[in-house]
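Everything below concerns the one structure shown next.
Position 1 is the first residue of the sequence; numbering continues from there.
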Amino acid sequence: MDAQERWRVDCINIDTAAAGHDADGMDSTETIAARYRAFADQQAADSSPTFREWALYVAASPKLLDRLSSLPSGKEQPNLVFAAARMHGAIPGDSESLHDILDAKWPQVRGTILTRSTQTNEAARCAALLLGMQQITGPIALLEVGAAAGLCLIPDRYSYTFNEIHRLDPVDATSDLTIPITLRGSLAPPSRMPDIVWRAGLDLNPLDPGDVDAVAWLQALVWPEHEPRRERLAVAARLAARENLDIQRGNVLDGLDHLAQKAPVHATLVITHSATLAYLDEHERREAVQAIAATGARRISFEGRGVDPAVPDIQAPATVETLFVAALDGMPYALADGHGNTLTQPPAR
């Protein structure tokens, strides 16, 4: 998992009752400055020189900190603020341009921050989903919770290479997008594409993969130096747009059952979620897992270690490449980095 994903998983559930959080639901400038310094030193340092520079610049600027303190708690997170600033013209590697945008265009940037959210839609995670679907027989009805633009609803529309040796293509043709995956340990590459006969998604803020503005926002969320991911996202969005995906607005607690009932009865319902439970508190995570179980579906999860309450603890040191767990019905079958580029056999229990 790279620094961007680690920050999102570790910090999305900031305790808003902690010191520095006031009665109006906003954080103090001191709290925000500390958060940006931690982001620079612990998250962006090894992954994005631009975001490290920007975060330190913001942390040292009373004027910018004052602006960010006017935002609701959680909305001043670096990923969201920097993506919004880039949407309005901030130039990667140029802290002065960041200052200019957050100063001169603050009303517009603030509006973007308040109306958008961080929605990572990483197609490479589909390789981990394929390994889980290999263990499920028969046609599959695929339902994703936290689908965003649906890029992980079409795992059978991408081509994959595993360890630069094994290749897996869609049944009908080679895909416009080939995703390179590294397998470690005794993990074997998938031998076949799943037979997905129905697919649908659920999201608090569904995105249209054919909408230029929606895709531009997803690309703005990709860190400046991660150009291969940005290029992959663009191609995956084009492929998803061809599918006319059904992505409903709703959450796992009040929208899942109705959508799940639309799945064809002759197919096995498989509900997936990747880096989605991290946005919920501990009680909500348990409720989400219970809601999925109540549908009778098989569940494939791809979440950070310790996030999925039904997945047992992994008895192995955590590394950048093993901080996420792919599990089928709560049983781990692969460890991974946050974007699913490297998959590792989990230790035997």
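- Counting only heavy atoms from C-beta outward, the side chains of Glu76 and Ser70 never approach each other to under 4.5 Å.
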For this session: Verify side chain to side chain donor-acceptor pair (under 3.5 Å) between Ser95 and Glu53, making sure each step is shown before the conclusion.
Result: CA-CA 7 Å; Ser95 293; Glu53 178 185 336; 2.7 Å; yes
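- No donor-acceptor distance shorter than 3.5 angstrom exists from the side chain of Thr29 to the backbone of Asp66, with no hydrogens or angles considered.
- Looking at every heavy atom in both residues, Pro312 comes nearest to Gly330 through CD-O, 3.2 Å.
- Although no hydrogens or angles enter the test, the distance criterion places a donor-acceptor pair under 3.5 Å between the side chain of Arg230 and the main chain of Gln219.
- Although no hydrogens or angles enter the test, the distance criterion places no donor-acceptor pair under 3.5 Å between the side chain of Ser47 and the main chain of Ala44.
- Classification of Asp329 and Arg298 as a salt-bridged pair holds, one side-chain N sitting under 4.0 Å from a carboxylate O.
- Between Gln345 and Gly185, the shortest heavy-atom distance links the atoms CB-CA, 4.3 Å.
- Put simply, the residue from Thr178, Leu168, Asp169, Thr182 that forms a side chain to side chain contact (heavy atoms under 4.5 Å, CB included) with Thr161 is Thr178.
- Ring pair Phe302/Phe324 is tilted by interplanar angle, where 30° to 60° counts as tilted.
- The pair Arg184-Glu321 meets the salt-bridge criterion, with a side-chain N (NZ, NE, NH1 or NH2) lying under 4.0 Å from an Asp/Glu carboxylate O.
- Taking OG of Ser301 as the start and CE of Met331 as the end, the distance is 11.5 Å to the nearest 0.5 Å.
- A donor-acceptor pair under 3.5 Å links the side-chain atoms of Gln134 to the main chain of Arg192, judged by distance alone.
- Between atom CG of residue Leu130 and atom CD1 of residue Ile181 there is a gap of 9.0 Å, rounded to the nearest 0.5 Å.
- Taking hydrophobic clusters as Ile, Leu, Val, Met, Phe, Trp and Tyr residues chained together by side-chain heavy-atom distances below 4.5 Å, Leu256 does not share a cluster with Leu142.
- Contact detail for Ala326 and Ala128: the closest heavy-atom pair is CB-CB, 4.2 Å.
- Note: the hydrophobic cluster containing Val235 also contains Leu207 (ILVMFWY, side chain heavy atoms under 4.5 Å, direct or indirect links).
- Put simply, the side chain of Asn163 never gets that close to the backbone of Ile165: no donor and acceptor are under 3.5 Å apart.
- Once rounded to the nearest 0.5 Å, the distance linking CD of Gln290 with CG of Leu253 reads 9.5 Å.
- Here the shortest heavy-atom pairing between Trp54 and Ile91 reads CZ2-O, 3.2 Å.
- Remark: Asp103 engages Arg67 in a salt bridge, criterion side-chain N to carboxylate O under 4.0 Å.
- Side-chain atoms of Arg285 come within 3.5 Å of backbone atoms of Leu277 as a donor-acceptor pair (strictly under, hydrogens ignored).
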For this session: Go through the steps for Asp308 and Arg299 under the test salt bridge (charged side-chain N to carboxylate O under 4.0 Å, His left out), then give the verdict.
Result: CA-CA 11 Å; Asp308 188 331; Arg299 182 172 72 94; 2.6 Å; yes
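- Using a distance-only test at 3.5 Å, with no hydrogens or angles considered, a donor-acceptor pair links the side chain of Asn121 to the main chain of Ala149.
- Donor-acceptor pairing under 3.5 Å is recorded for the side chains of Thr322 and Arg305.
- A salt bridge links Asp156 to Arg199: at least one charged side-chain nitrogen sits closer than 4.0 Å to a carboxylate oxygen.
- For the side chain to side chain donor-acceptor pair (under 3.5 Å) test, residues two or more places apart in sequence or in another chain that qualify with Thr50 are Glu225.
- Classified by interplanar angle (parallel below 30°, tilted 30° to 60°, perpendicular above 60°), the ring pair Phe82/Phe51 is tilted.
- When atom types are taken as modelled, the side chain of Glu144 and the backbone of Ala200 share no donor-acceptor pair closer than 3.5 angstrom.
- Side-chain atoms of Asp337 do not come within 3.5 Å of backbone N or O of Val320 as any donor-acceptor pair.
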For this session: Determine, stepwise, if the pair Val325 / Ile314 fulfils side-chain contact (heavy atoms from CB on, under 4.5 Å).
Result: CA-CA 9 Å; Val325 184; Ile314 301 298; 3.9 Å; yes
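- Leu151 and Trp198 fall into different hydrophobic clusters, where Ile, Leu, Val, Met, Phe, Trp and Tyr residues are linked whenever their side-chain heavy atoms come under 4.5 Å apart, directly or through other members.
- For the residue pair Asn79/Thr118, the side-chain donor-acceptor check at 3.5 Å is not satisfied.
- Ser48 and His226 share no donor-acceptor pair across their side chains, judged by distance under 3.5 Å alone.
- Here Asp27 does not pair with Lys75 in a salt bridge; the nearest charged N to carboxylate O distance is not below 4.0 Å.
- Leu177 contributes atom CG, which lies 8.5 Å from atom CD1 of Ile154 (distance to the nearest 0.5 angstrom).
- Put simply, Ile140 and Val145 are part of two different groups of oily side chains (I, L, V, M, F, W, Y) that touch within less than 4.5 Å, one to the next.
- Under a hydrophobic-cluster definition in which Ile, Leu, Val, Met, Phe, Trp and Tyr are linked whenever side-chain heavy atoms come within less than 4.5 Å, directly or via other members, Ile300 and Tyr158 are assigned to the same cluster.
- A distance of 8.0 Å separates CG of Leu335 from OG1 of Thr319, quoted to the nearest 0.5 Å.
- With Gln119 contributing its side chain and Asn205 its backbone, the two residues share a donor-acceptor pair below 3.5 Å.
- Distance CD1/Ile113 to CD/Gln77: 9.5 Å, rounded to 0.5 Å.
- Between Asp172 and Arg157, none of the side-chain N atoms (NZ, or NE/NH1/NH2) sits under 4.0 Å from a carboxylate O, so this pair counts as no salt bridge.
- The aromatic rings of Tyr160 and Phe162 lie parallel to each other, with less than 30° between the two planes, well short of the 60° mark.
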